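Below you'll find the structure, written out as structure tokens, and then a few comments.
Below, all heavy atoms of this structure are taken into account, side chains as well, without hydrogens, waters or symmetry copies. Here, residue 1 is the first one in the sequence, and each next residue gets the next number. This structure is a prediction, so every number in the text was calculated from the model and none was measured.
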Amino acid sequence: MTAAQADPQIDRPALADGAALWRIARDSKTLDLNSSYSYLLWCRDFAATSAVARDAGGEPIGFVTGYVRPDSPHTLLVWQVAVDETHRGRGLAAALLDGLVARTIAEHGVTTVETTITPGNTASERLFTAFAERHGARLEREVLFEAEQFPDGPHDPEVLYRIGPLSP
């Protein structure tokens with residue numbers, strides 16, 4: 001096995017990772033791209049509820065960003081999941097999600113995971129449906145934001161996926 005094929009290291013993002021996370025999100029061509037500033041802040045302020053996968057050289061190749069909902073302290077909202085194109089198809093997104101959720105269960109007492117997915121985003125639908133199945137958790141779906149609620153032009157509705165209860 002070469003270094004490029006070695007299992008990636010999964011850990012918390014550091015401030016220095018912000019630019020790489022922005023690039024991975026931009027290059028995904030499926031995520032709503034936030035400002036580069038927001039990825040820097042995310043790596044600083046939400047590192048405890050986010051995860052980054054690194055290649056053998058320590059460079060970010062994938063990430064999951066999330067936060068514990070202030071009004072629901074046992075709920076982890078997963079904001080974005082992205083894997084660099086050259087590392088897709090190897091189960092890295094699932095490994096990132098499983099690792100992050102295990103950590104937030106242990107450190108924050110998380111019992112529920114939420115995310116939103118636009119209709120037709122098959123990869124995300126599969127990722128979160130498979131996550132619920134792996135963890136024996138119920139999966140509920142409902143529209144959280146209707147298309148007309150977005151003020152900046154055409155946008156698909158955002159469907160809330162609620163997965164839980166989760167156990168340690």
Side-chain angles (χ1 to χ4, degrees), residues 7-8 10-13 17 20-35 38-39 42-43 46 49-54 60-105 108 110-168:
D7 288 335
I10 297 175
D11 61 12
R12 297 170 196 251
D17 297 324
L21 271 57
W22 177 85
R23 180 194 54 77
I24 293 168
R26 179 199 65 200
D27 294 350
S28 76
K29 298 188 180 20
T30 58
L31 293 177
D32 286 340
L33 184 62
N34 300 298
S35 71
S38 69
Y39 291 92
W42 210 281
C43 288
F46 297 106
T49 54
S50 298
V52 64
R54 300 177 191 285
I61 57 172
F63 70 87
V64 176
T65 53
Y67 62 88
V68 173
R69 289 191 50 210
D71 63 342
S72 183
H74 297 291
T75 300
L76 173 70
L77 185 289
V78 173
W79 182 267
Q80 289 187 318
V81 178
V83 174
D84 187 83
E85 185 175 18
T86 60
H87 296 275
R88 291 183 192 152
R90 302 177 191 172
L92 186 53
L96 277 161
L97 185 59
D98 285 347
L100 174 60
V101 171
R103 179 165 32 98
T104 57
I105 287 172
H108 300 279
V110 163
T111 59
T112 304
V113 170
E114 291 182 345
T115 195
T116 63
I117 302 172
T118 55
N121 183 341
T122 306
S124 289
E125 291 169 348
R126 287 181 185 157
L127 175 65
F128 285 93
T129 299
F131 173 84
E133 290 171 359
R134 277 194 311 280
H135 295 275
R138 186 176 62 251
L139 170 61
E140 300 171 349
R141 296 174 189 89
E142 65 181 274
V143 174
L144 181 63
F145 301 119
E146 298 285 351
E148 58 273 3
Q149 290 179 285
F150 290 91
D152 56 348
H155 194 291
D156 290 330
E158 290 283 348
V159 178
L160 177 68
Y161 280 53
R162 183 177 293 116
I163 301 167
L166 300 168
S167 55

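- Take Thr122 and apply the side chain to side chain donor-acceptor pair (under 3.5 Å) test, not counting sequence neighbours, and it matches no residue.
- Remark: the backbone N or O of Trp79 is not paired with any side-chain donor or acceptor of Thr65 at under 3.5 angstrom.
- A 4.5 Å side-chain heavy-atom check between Leu33 and Trp22 finds at least one atom pair inside the cut-off.
- Across all non-hydrogen atoms, the minimal contact from Leu92 to Ala53 is CD1-CB, 3.7 Å.
- Among all heavy-atom pairs drawn from Cys43 and Asp17, the shortest one is SG-C, 4.1 Å.
- Taking the side chain to side chain donor-acceptor pair (under 3.5 Å) definition, one finds that Thr129 meets it with Arg141, sequence neighbours left out.
- Taking CG from Asn121 and OG1 from Thr116, the interatomic distance works out to 10.0 Å, rounded to the nearest 0.5 Å.
- The side-chain contact (heavy atoms from CB on, under 4.5 Å) test applied to Asp32 returns His155, Glu158, not counting sequence neighbours.
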Kindly determine whether Tyr39 and Arg26 satisfy side chain to side chain contact (heavy atoms under 4.5 Å, CB included), including the steps that lead there. CA-CA 11 Å; Tyr39 291 92; Arg26 179 199 65 200; over 6 Å; no
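- For Asp11, the salt bridge (Lys or Arg N to Asp or Glu O under 4.0 Å) partners are Arg54, not counting sequence neighbours.
- Partners of Arg138 under the salt bridge (Lys or Arg N to Asp or Glu O under 4.0 Å) rule, at least two apart in sequence or in another chain, are Glu140.
- Taking Arg88 as the reference, Ser28, Val83, Glu85 meet the side-chain contact (heavy atoms from CB on, under 4.5 Å) condition, with sequence neighbours excluded.
- The CG atom of Asp84 sits 7.0 Å away from the CG atom of Asp27 when rounded to the nearest 0.5 Å.
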Should Leu100 and Leu76 be marked as a side chain to side chain contact (heavy atoms under 4.5 Å, CB included) after you check the CA-CA gap, both sets of side-chain angles, and the distance that decides it? CA-CA 10 Å; Leu100 174 60; Leu76 173 70; 4.1 Å; yes
Pair Ile24, Phe63 - check side chain to side chain contact (heavy atoms under 4.5 Å, CB included), show working. CA-CA 8 Å; Ile24 293 168; Phe63 70 87; 3.9 Å; yes
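- The list of salt bridge (charged side-chain N to carboxylate O under 4.0 Å, His left out) pairs with a residue in residues 119-131, not counting sequence neighbours, is empty.
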Is there a side chain to side chain contact (heavy atoms under 4.5 Å, CB included) between Arg162 and Thr112? Walk through the geometry before answering. CA-CA 7 Å; Arg162 183 177 293 116; Thr112 304; 3.6 Å; yes
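- Scanning both residues, Pro8 and Ile61, for their nearest heavy atoms gives CB-CD1, 3.9 Å.
- Residues Pro157 and Pro119 are in side-chain contact: their nearest non-hydrogen atoms beyond the backbone lie under 4.5 Å apart.
- In this view, Glu148 and Glu146 satisfy the side-chain contact (heavy atoms from CB on, under 4.5 Å) rule, not counting sequence neighbours.
- Contact of the Leu97 side chain with the Phe128 side chain is registered, since non-hydrogen atoms from C-beta on lie closer than 4.5 Å.
- Residue Pro73 comes nearest to Val68 through the heavy atom pair O-CG1, 3.2 Å, listed as atom of the first residue, atom of the second, then distance.
- Residues passing the salt bridge (Lys or Arg N to Asp or Glu O under 4.0 Å) test with Arg103: none are found, sequence neighbours excluded.
- Every residue was checked against the side chain to side chain donor-acceptor pair (under 3.5 Å) condition with Thr118, not counting sequence neighbours, and none meets it.
- Put simply, the side chain of Glu114 does not reach to within 4.5 Å of the side chain of Leu144, judged on heavy atoms.
- In terms of the side-chain contact (heavy atoms from CB on, under 4.5 Å) criterion, residue partners of Ala137 (sequence neighbours excluded) are, by chain and number, Ile163, Leu166.
- A donor-acceptor distance shorter than 3.5 angstrom exists from the side chain of Thr49 to the backbone of Gly66, with no hydrogens or angles considered.
- Taking 4.5 Å as the limit, some side-chain heavy atom of Pro60 sits within range of a side-chain heavy atom of Leu21.
- Ring geometry, Phe150 versus Phe145: the interplanar angle exceeds 60°, so the pair is classed perpendicular (tilted spans 30 to 60°).
- Of all non-hydrogen atoms in Val81 and Val78, the two that sit nearest each other are CG2-CG1, 3.7 Å.
- Shown here are the ring-ring contact (aromatic ring centres under 6.0 Å, His included) partners of Phe131, two or more places apart in sequence or in another chain: His135.
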